Amino acid sequence: MQTFANYTYERPNIPKVKEDFYQKLVQFQNAASLDAAIDAIDELNAIRNHLSTMYNLVFIRASIDTRDEFYHNERDFFDEHLPEIQELDTAFYKELLKSSFEAQLRNKYGSQLFDLAECQIKAFSKEIIPLLQTENKLTSAYSKLIASADINFRGESYTLAQLGPFSEDPDRETRKEALEARQSFFAENKEKLDSIYDDLVKTRQQIAEKLGYKNFVEVGYLRMQRIDYNAEMVERFRRQVEEVIVPIATKLYEKQAKRIGVDSLKFYDESFAFSSGNATPKGTPEWIIENGKQMYDELSEETSEFFQYMLDRELLDLEAKKGKESGGYCTYIEDYQSPFIFSNFNGTSGDIDVLTHEAGHAFQVYSSRHFSVPEYYFPTSESAEIHSMSMEFFAYPWMETFFKEEVEKYKYAHISDAIQFLPYGVAVDEFQHLVYENPGWTPEERNQAWRNLEKKYLPHRNYDGIESLESGAFWQKQGHIYEDPFYYIDYTLAQVCAFQFLKKSQENRGKAWQDYIDLCKLGGSKPFLELVQSADLQSPFEEGTVEAAVSFIEDWLENIDDQKL
């Protein structure tokens, strides 16, 4: 059995790949029968899957160790050539949409493939390839800069991820100093961060104009493949969050201040939930994985098979270390039918959230790897986050294994965090709308816009005079804003759906779990609102859905004496 370490990478010969691809595309164009057309599509998809496999191997290995010169260079190679690969996809999509067998192909593959193809065509042209190459280089520059952080704190050296546990330290002065140390990195690199983002906004505006759009907002929605909802619907959803969630979240912060014994909750207090300390996993990373295996063995036959597959092939890289990029993700290595989970364990409860959240993504793509078209391995982003966030809740019965006597403390904090995240999530989304609607803004104007949004959605927030945060630069730590424009509202839409799964699991766990399994198997074969409907969930865009989704959670939180946790 091959493990990830033995998955073979070989730099693609792009001219040869193009030659092969266009030969197959001609075969598709000239197909005399439906079967011949399907055979050509299969061969085209094999080429596309192989290119994606090579890219993902580079991406994973370069993010595991940003100091690895070989994979650093290969990542630069893909930054240069990804737009050309995107051009191949677009050429295929154009032929797909004008095929003489379109009706039969729609019947075989479903309309979602054709709708996704239209999004891609509208968001791409040969003329923007140089701009896309520039954009890729800029996003890589951001991720490398963040990964390069080597922060001195009390005589020791830390990455940004390794500083994380200090934000939960029971000593308030330690929390404050750790935040100041963290922000010193962002302050020292302010000009670089401003320059990278300024160049990204300008580049993306040029992309939009060359494609014939007023600004990048429309392009951003096309890239995110938002087929059955639009910016106006998102705006109405943000308003629901402002009206329903912000008051609940503010009240939770007030309770937290009382719980940890401070007169005024400062930003460096927000991650410290209990005066007795936050709930933490009661073992090593190896112990966490061992108990994770037991959890997935007991959860269902499907999850047991999936997690064993991940372990056997060493498809998890979980611990924080020098040179490793920050954050966490799940991706899929097509030729090996292998999900891969990347994270930065740091001894906090977030380690367990990774084991459930990213494993939710991995389980979904493992469940839908049977599809013959790569577009359906993962659904669009807002749908994909339903699987990850819901898995966090389905794993609740096993949390005592990880947190022992602190299990109730963990659950209270986890659900509170989920509620409190929603206002921040919609703030990030609204910020991006404002930025791309005003591409000529200076860095200072962007920071002021962010600060105004904090006052709207996070009215409790108090930075205690830390200059870089008071000036509105907090958003610069949010990698999505740089690397994946408009990828953030997805988390909030999915969270509302996950809350519904939590409620359903309490009412009828068997049905809720089956609905979840069925949703995972659908992969990306349907757009967001159809997937939501298929799982017997209410659309987050409907008036009243947000309130209905959180009302039982609000009651649950109210009935817990949090002062005793």
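The first residue of the sequence shown is numbered 1, and numbering continues consecutively from there. In this text, all values refer to a predicted model and were calculated from it rather than measured experimentally.
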Engineer: If the plane angle is over 60° it's perpendicular, under 30° parallel, otherwise tilted; pick one for F307 and Y296.
Structural biologist: tilted

Engineer: Does a sphere of radius 6.0 Å around NZ in K144 hold more than 12 heavy atoms from other residues, nucleotides or ligands, not counting ones at 6.0 Å or beyond?
Structural biologist: yes

Engineer: Run the side chain to side chain contact (heavy atoms under 4.5 Å, CB included) test on Q225 and D115 for me, step by step, so that the C-alpha distance in whole Å, both residues' side-chain angles and the decisive distance to 0.1 Å come before the verdict.
Structural biologist: CA-CA 9 Å; Q225 303 170 320; D115 292 339; over 6 Å; no

Engineer: Ignoring hydrogens and geometry beyond distance, is a side-chain donor-acceptor pair present between Q364 and H361 at under 3.5 Å?
Structural biologist: no

Engineer: Tell me, please, which residues at least two apart from F371 pass ring pair (Phe, Tyr, Trp, His ring centres under 6.0 Å).
Structural biologist: Y376

Engineer: Would you say the side-chain atoms of T545 pair up with the backbone N or O of S539, donor to acceptor, closer than 3.5 Å?
Structural biologist: yes

Engineer: Under 6.0 Å from the six-membered ring centre of Y221 and within 45° of its axis: does the NZ or CZ of R226 meet both?
Structural biologist: yes

Engineer: For D89, does its backbone N or O pair with a side-chain atom of Q120 as donor and acceptor, under 3.5 Å?
Structural biologist: no

Engineer: Can a salt bridge be assigned to the pair K511 and D536 using a cut-off of 4.0 Å between side-chain N and carboxylate O?
Structural biologist: yes

Engineer: With a 4.5 Å cut-off on side-chain heavy atoms, are R238 and M233 touching?
Structural biologist: no

Engineer: What do you reckon, is NE2 of H50 surrounded by more than 12 foreign heavy atoms closer than 6.0 Å?
Structural biologist: no

Engineer: Please check: side-chain N/O of S304 versus main-chain N/O of S300, any donor-acceptor pairing under 3.5 Å?
Structural biologist: no

Engineer: Tell me, yes or no, whether the heavy-atom count around E301 atom CD, taken from other residues, nucleotides or ligands under 6.0 Å, exceeds 12.
Structural biologist: no

Engineer: Mind checking whether F78 and Y9 have parallel, tilted or perpendicular rings, split at 30° and 60°?
Structural biologist: tilted

Engineer: Does the cation-pi check pass for K24 over F92, that is, NZ or CZ under 6.0 Å from the six-membered ring centre and within 45° of its axis?
Structural biologist: no

Engineer: Quick one: which residue pairs count as a salt bridge (Lys or Arg N to Asp or Glu O under 4.0 Å) with a foot in residues 122-141, not counting sequence neighbours?
Structural biologist: E80-K137, E87-K126, E135-R204, E135-R223

Engineer: Is the Y488 ring parallel, tilted or perpendicular to the H480 ring (thresholds 30°, 60°)?
Structural biologist: perpendicular

Engineer: Just one of L522, D518, D515, L529 clears the side-chain contact (heavy atoms from CB on, under 4.5 Å) bar with S534, so which one?
Structural biologist: L522

Engineer: Before giving the answer on side chain to side chain contact (heavy atoms under 4.5 Å, CB included), spell out for F393 and F501 the whole-Å C-alpha distance, their side-chain angles and the decisive distance to 0.1 Å.
Structural biologist: CA-CA 8 Å; F393 292 134; F501 261 128; 5.9 Å; no

Engineer: Work out which heavy atom in P83 is nearest to a heavy atom in L132; give both atom names and the distance.
Structural biologist: CG-CB, 3.5 Å

Engineer: If only atom types and distance count, is the side chain of T134 paired as donor or acceptor with the main-chain N or O of P130 below 3.5 Å?
Structural biologist: yes

Engineer: Restricting to non-hydrogen atoms, name the atom on L299 and the atom on F394 that form the minimum distance, rounded to 0.1 Å.
Structural biologist: CD1-O, 4.3 Å

Engineer: Looking at side-chain heavy atoms only, is the closest gap between F124 and L222 below 4.5 Å?
Structural biologist: no

Engineer: Please confirm whether R369 makes a cation-pi placement over Y332, using NZ or CZ under 6.0 Å from the six-membered ring centre and within 45° of the ring normal.
Structural biologist: no

Engineer: Strictly distance-based, threshold 3.5 Å: is any side-chain N or O of R67 a donor or acceptor partner for the main-chain N or O of K322?
Structural biologist: yes

Engineer: Hey, does the side chain of T3 reach the backbone of E314 with a donor-acceptor pair shorter than 3.5 angstrom?
Structural biologist: no

Engineer: Can K293 and E298 be counted as an ion pair, charged N to O under 4.0 angstrom?
Structural biologist: no

Engineer: Distance-only, no hydrogens or angles: does the Y93 side chain make a donor-acceptor pair with backbone N or O of C119 under 3.5 Å?
Structural biologist: no

Engineer: Quick one: do the Y366 and E302 side chains pair a donor with an acceptor below 3.5 Å?
Structural biologist: no

Engineer: Quick one: salt bridge (Lys or Arg N to Asp or Glu O under 4.0 Å) pairs with a partner in residues 205-219, sequence neighbours left out?
Structural biologist: none

Engineer: Are any non-hydrogen side-chain atoms of D429 and D490 less than 4.5 angstrom apart?
Structural biologist: no

Engineer: Which is it for E392 and S388 under the side chain to side chain donor-acceptor pair (under 3.5 Å) test, yes or no, and what are the steps along the way?
Structural biologist: CA-CA 7 Å; E392 294 178 37; S388 55; 5.6 Å; no

Engineer: Any heavy-atom pair between the side chains of F528 and P540 that's under 4.5 Å?
Structural biologist: yes

Engineer: With a 4.5 Å heavy-atom cut-off, do Y109 and I38 have their side chains touching?
Structural biologist: yes

Engineer: If we only count heavy atoms from C-beta on, is the F363 to C520 side-chain gap below 4.5 Å?
Structural biologist: yes

Engineer: Could you walk me through whether T380 and L116 pass the side chain to side chain contact (heavy atoms under 4.5 Å, CB included) test, one step at a time?
Structural biologist: CA-CA 10 Å; T380 50; L116 293 172; 4.3 Å; yes

Engineer: Do Q495 and T492 pair up side chain to side chain, a donor and an acceptor below 3.5 Å, judged on atom types alone?
Structural biologist: no

Engineer: Establish, from distance only, whether the side-chain atoms of H433 and E235 form a donor-acceptor pair under 3.5 Å.
Structural biologist: no

Engineer: Would F237 and Y229 satisfy ring-ring contact (aromatic ring centres under 6.0 Å, His included), going step by step from the backbone distance to the final call?
Structural biologist: CA-CA 11 Å; F237 172 75; Y229 65 98; 9.6 Å; no

Engineer: Evaluate the side chain to side chain donor-acceptor pair (under 3.5 Å) criterion for residues Y7 and S338: first the C-alpha distance (whole Å), next the side-chain angles of each, then the deciding distance (0.1 Å), finally the verdict.
Structural biologist: CA-CA 10 Å; Y7 287 5; S338 293; 2.7 Å; yes

Engineer: Between R48 and E375, is any pair of side-chain heavy atoms under 4.5 Å apart?
Structural biologist: yes

Engineer: With L531 as reference, evaluate H387, Q112, K526, E382 under the side-chain contact (heavy atoms from CB on, under 4.5 Å) test and give the passing residue.
Structural biologist: K526

Engineer: Is the closest basic N to carboxylate O distance between D65 and K324 below 4.0 Å?
Structural biologist: no

Engineer: So does R61 pair up with D68, basic N to acidic O under 4.0 Å?
Structural biologist: no

Engineer: Mind checking the NZ-OG spacing from K504 to S390? Nearest 0.5 Å is all I need.
Structural biologist: 9.0 Å

Engineer: Got more than 12 heavy atoms from elsewhere within 6.0 Å of CD, E69?
Structural biologist: no

Engineer: Carefully, step by step, assess I207 and Y213 under the rule side chain to side chain contact (heavy atoms under 4.5 Å, CB included).
Structural biologist: CA-CA 9 Å; I207 288 170; Y213 301 104; over 6 Å; no

Engineer: Hey, are D79 and R75 close enough for a salt bridge, meaning a charged N less than 4.0 Å from a carboxylate O?
Structural biologist: no

Engineer: For a 4.5 angstrom cut-off between non-hydrogen side-chain atoms, does D417 reach D353?
Structural biologist: no

Engineer: Salt bridge between E102 and R106, side-chain N to carboxylate O under 4.0 Å?
Structural biologist: yes

Engineer: Ignoring hydrogens and angles, tell me if any N or O in the side chain of S99 forms a donor-acceptor pair with the backbone of F101 under 3.5 Å.
Structural biologist: yes

Engineer: So does V373 get a backbone contact from the side chain of N45, meaning a donor-acceptor N/O pair under 3.5 Å?
Structural biologist: no

Engineer: Once you measure the plane-to-plane angle for Y142 and Y482, does it fall in the parallel (<30°), tilted (30-60°) or perpendicular (>60°) bin?
Structural biologist: parallel

Engineer: Which atom names give the shortest non-hydrogen contact between V17 and P12, and what distance separates them?
Structural biologist: CG2-CB, 4.3 Å

Engineer: Hey, is the main chain of Q86 close enough, under 3.5 Å, to the side chain of T90 for a donor-acceptor pair?
Structural biologist: yes

Engineer: Does the side chain of Y71 pick up a donor-acceptor pair with the side chain of S63 at under 3.5 Å?
Structural biologist: no

Engineer: Would you call the rings of Y491 and Y487 parallel, tilted or perpendicular if under 30° counts as parallel and over 60° as perpendicular?
Structural biologist: parallel

Engineer: Are Y424 and W475 near enough that their ring centres are under 6.0 Å apart?
Structural biologist: no

